[in-house]
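Numbering starts at 1 and runs along the sequence shown. The structure presented is a predicted model; accordingly, all values stated were derived computationally and were not measured.
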Amino acid sequence: MYMSSATEPFDEDALEAVLEHARSRNTADGLSGMLVHRGGRFMQLLEGPYDAVLATYARIVEDSRHDEVRLLVEESIHTRRFPEWSMAYDRESAGVEVPEGFSTFLDQGDHSADASRPRELLRWFRNHPMADPTAAKGKHRRDA
C-alpha cells in the first residue's frame with residue numbers, strides 16, 4: 001500500500017481512463033486491490049504475486065504523474081481483501097450512477113469488519129483531513 005500526490009489534476013474522465021488501464025494491466029498480472037483518489041492524492045492497495053506487486057509499484061514510483069510516493073505497508077497475506085479491482089474517488093457529478101468498477105467507499109464508507117493495517121489506512125484516507133494535500137496549510141488556512 002502506498003500514497004502519492006498527483007503532479008497534475010485528474011478529472012473524472014482521466015480517472016476512468018486510469019481505472020480502465022489499471023484493471024486491464026493488473027488483471028493480466030494477477031493483481032487486485034483498491035485505488036482511491038481524493039483531492040489530488042492517491043492511496044492504493046495492491047495484492048497478488050509478490051514479484052508482480054513489486055514490478056507494479058516500481059512502475060508507479062517512476063511514473064511522472066505521481067510525486068511523493070510513499071510506501072505505507074508491505075505484508076504477506078493469505079486471502080485477498082479486494083478480490084475485485086475497484087477505484088474510489090470524490091465524484092464531481094453528484095447523483096450520477098457510479099460506473100462499473102468504481103467503489104462508493106468515499107461516499108458511503110467501509111462497513112467491513114477487517115481491522116488490518118491496510119484497511120485502517122484506507123479508512124484514515126477517507127476520513128482524515130491530512131489526506132487532503134492542502135492540509136499542510138493548516139485547517140484554518142485551507143481554501144474553501
Is Leu54 reachable from Leu35 through a run of hydrophobic residues whose side-chain heavy atoms are each under 4.5 Å from the next? no
Show, in sequence, the C-alpha distance, side-chain angles and deciding distance for Arg41 and Ser5, and conclude whether the side-chain contact (heavy atoms from CB on, under 4.5 Å) test is met. CA-CA 4 Å; Arg41 303 277 275 191; Ser5 296; 2.8 Å; yes
Taking Ser24 for its side chain and Glu20 for its backbone only, find out whether a donor-acceptor pair lies under 3.5 Å. no
Could you give me the CA-CA distance, side-chain angles and deciding distance for Val18 and His37, then say whether side-chain contact (heavy atoms from CB on, under 4.5 Å) is met? CA-CA 11 Å; Val18 166; His37 177 268; over 6 Å; no
Are Phe42 and Leu71 co-members of a hydrophobic cluster defined by side-chain heavy atoms under 4.5 Å apart? yes
Closest non-hydrogen contact found for Pro49 with Leu31 is CD-CD2, 4.2 Å
Taking Arg80 for its side chain and Glu47 for its backbone only, find out whether a donor-acceptor pair lies under 3.5 Å. yes
CD1-CD distance between Ile60 and Gln44, expressed to the nearest 0.5 angstrom: 4.5 Å
Has Glu62 got more than 12 heavy atoms of other residues, nucleotides or ligands less than 6.0 Å from its CD? no
Test Arg65 against Thr7 for side chain to side chain donor-acceptor pair (under 3.5 Å), laying out the working first. CA-CA 5 Å; Arg65 297 173 296 176; Thr7 56; over 6 Å; no
Could you tell me the separation between the CG atom of Leu45 and the CE atom of Met34, rounded to the nearest 0.5 Å? 9.5 Å
Could you tell me which non-hydrogen atom of Asp29 sits nearest to which non-hydrogen atom of Ala52, and how far apart they are? O-CB, 3.5 Å
Under the side-chain contact (heavy atoms from CB on, under 4.5 Å) test against Tyr2, which residue among His66, Glu74, Arg70 passes? His66
Write down the atom of Leu46, the atom of Tyr57, and the distance for their closest heavy-atom approach. CD1-N, 4.4 Å
